[in-house]
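Data first, discussion second: the structure below is written as structure tokens.
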Amino acid sequence: MRIQISSRTLQSDFVKKVAEISGQDLLACNQCGKCSAGCPMCFAMDLLPNQIIRLAQLGLEEDIAAANTVWLCASCLTCTVRCPRGVDLGRVMEAIRLVTLRKNIDYVGASSIPGETAGELPQIALVSGFRKHTA
Ligand code: SF4
Ligand code: SF4
């Protein structure tokens, strides 16, 4: 991955909004990796949870948006419990999702779900999925 950092990204609205919505000090993370080591979803993630918070510290919103990580996060809070720096990464993930959805960018669309699959899925799973992944 090619990373471009500038004062514009470091002080971007994205960084401020994620910090404000999550209530977390992003710079408290020292990249120890304990969150990723315990994350039950990291096997399917493009980027590990600790990599996401690193990108968030640097304001690299587009790199975060290109990864599926925040959408696969199950909000299990394992990372939150394991973090030695007191960072609630689950809240950071949720804040990034909210910032994205507030731009009216849906991560899933009803038309993208095949009819057969939709018929087999529990309704509650569909409803909760759309709540999490659509604006
Ligand atoms: S809250 Fe999300 S990122 Fe954290 S351990 Fe659970 S699935 Fe992984
Ligand atoms: S466990 Fe905490 S300090 Fe360590 S990488 Fe994850 S968020 Fe950063």
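Order of appearance sets the numbers: ligands from 1, and atoms from 1 within every ligand.
- Salt bridge Glu61/Lys17: absent, no basic N to carboxylate O contact under 4.0 Å.
- Protein heavy atom in closest approach to atom 5 (S) of ligand 2: Gly33 N, 3.2 Å.
- In Ser75, the part holding a heavy atom less than 4.0 Å from any atom of ligand 1 is the backbone.
- Close contacts of ligand 1 with Met93, meaning ligand atoms under 4.0 Å from a residue heavy atom, involve 3 (S).
- When only non-hydrogen protein atoms are considered, atom 6 (Fe) of ligand 1 lies nearest to Cys76 SG, 2.3 Å.
- Nearest protein heavy-atom contact of atom 2 (Fe) of ligand 2 is Cys83 SG, 2.3 Å.
- Although no hydrogens or angles enter the test, the distance criterion places no donor-acceptor pair under 3.5 Å between the side chain of Thr69 and the main chain of Leu48.
- Side-chain N or O atoms of Arg85 include none that pairs as donor or acceptor with a backbone N or O of Asn30 at under 3.5 Å.
- The closest protein non-hydrogen atom to atom 8 (Fe) of ligand 1 is Cys39 SG, 2.3 Å.
- Near Arg85, meaning under 4.0 Å from any of its heavy atoms, are these atoms of ligand 2: 3 (S).
- Contact annotation: Cys73 places an N, O or S atom under 2.8 Å from atom 2 (Fe) of ligand 1.
- Taking backbone and side-chain atoms together, Cys35 has an N/O/S atom less than 2.8 Å away from atom 6 (Fe) of ligand 2.
- Side-chain contact of Arg54 with Gln57: a donor-acceptor pair under 3.5 Å is present, judged by distance alone.
- Closest protein heavy atom to atom 7 (S) of ligand 1: Ala74 N, 3.3 Å.
- Neither the backbone nor the side chain of Ala28 has any atom closer than 4.0 Å to an atom of ligand 2 (non-hydrogen atoms only).
- Taking a 4.0 Å cut-off on heavy atoms, Leu77 registers as neighbouring ligand 1.
- A donor-acceptor contact shorter than 3.5 Å links the side chain of Gln24 to the backbone of Asp88.
- Considering only non-hydrogen protein atoms, atom 4 (Fe) of ligand 2 sits nearest to Cys32 SG, 2.3 Å.
- With Thr9 as reference, Leu60 is the one residue of Asp63, Leu55, Leu60 to meet the side chain to side chain contact (heavy atoms under 4.5 Å, CB included) rule.
- In the vicinity of Gln31, heavy-atom distances shorter than 4.0 Å reach the ligand 2 atoms 5 (S), 8 (Fe).
- Rounded to the nearest 0.5 angstrom, Leu89 CG and Leu77 CG are separated by 9.5 Å.
- Between the side chains of Asn50 and Ser36, at least one donor N or O sits under 3.5 Å from an acceptor N or O.
- Under the 3.5 Å distance criterion, the side-chain polar atoms of Thr134 are matched with a main-chain donor or acceptor of Phe130.
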